[in-house]
Amino acid sequence: MKHEICKLADIPPTGSLIAPFFGREVHVWRSGDRIRAAANVCLHFGGPLDCKDGKLVCQWHGAAFDMASGDRLEGPAPKASRLMFLSTRVEDGSLNYVWGE
Ligand code: FES
């Protein structure tokens with residue numbers, strides 16, 4: 001099954017797009033040739049993330065995550081935590097969340 005997240009044309013060349021996702025939000029960005037999508041949720045207490053200087057940084061207590069690997073870089077989120085990436089597929093000019101395939 002699939003669910004459209006956004007149009008490819010709406011994803012900026014740098015930074016991220018925040019798209020609605022089943023009543024929540026996801027960040028969508030270009031990482032080299034790939035397009036990545038991750039829940040807009042910090043792995044500490046669930047705060048919202050801002051895209052800053054190539055990192056996703058939590059608004060609440062400052063945890064920072066690498067946008068290529070998803071790894072926590074600093075801050076109070078657990079050391080081994082990673083961004084919650086979505087499984088996606090590009091099709092017909094859209095980025096789709098896919099599951100159960
Ligand atoms: S909720 Fe994100 S650093 Fe605390």
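Whatever order the structure lists them in is the order used to number ligands and atoms, beginning at 1. These numbers come from a predicted model, not from an experiment.
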Check: Do other residues, nucleotides or ligands put more than 12 heavy atoms under 6.0 Å from the CZ atom of Phe85?
Finding: yes

Find all atoms of ligand 1 within a distance of less than 4.0 Å from any non-hydrogen atom belonging to [X], and give their numbers and elements.
| X | result |
| --- | --- |
| Ala63 | 3 (S) |
| Cys42 | 1 (S), 2 (Fe), 3 (S) |
| Gly47 | 1 (S) |

Note to self: Closer than 2.8 Å to atom 4 (Fe) of ligand 1: does that hold for any N, O or S atom in His44?
What the structure shows: yes

Checklist line | Under 2.8 Å: N/O/S of Cys58 next to atom 4 (Fe) of ligand 1 | finding: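 No - counting backbone and side chain alike, Cys58 has no N, O or S atom under 2.8 Å.
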
Checklist line | Shortest-distance N, O or S atom of His61 relative to atom 4 (Fe) of ligand 1 | finding: ND1

Item checked: same_hphob_cluster(Ile18, Ile11) at 4.5 Å side-chain heavy-atom cutoff -> no

Next item on the list: On the 0 to 90° scale, with breaks at 30° and 60°, tag the Phe22-Tyr97 ring pair as parallel, tilted or perpendicular.
Entry: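 Phe22 and Tyr97: perpendicular rings.
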
Next item on the list: Look at ligand 1 and say whether Gly75 reaches it with a heavy atom at a distance under 4.0 Å.
Entry: no

Next item on the list: Return the residue, atom name and 0.1 Å-rounded distance of the protein heavy atom closest to atom 1 (S) of ligand 1.
Entry: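 Looking only at protein heavy atoms, the one closest to atom 1 (S) of ligand 1 is Phe45 N, 3.2 Å.
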
Check: Is the backbone N or O of Val98 less than 3.5 Å from a side-chain atom of Ser87, with the two atoms forming a donor-acceptor pair by type?
Finding: yes

Check: Where the side chain of Arg24 meets the backbone of Asn40, is there a donor-acceptor pair that is under 3.5 Å apart?
Finding: no

Next item on the list: Please report the shortest heavy-atom distance between Trp60 and Gly46, naming the atom on each side.
Entry: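 In this case the closest contact between Trp60 and Gly46 is CZ3-C, 4.0 Å.
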
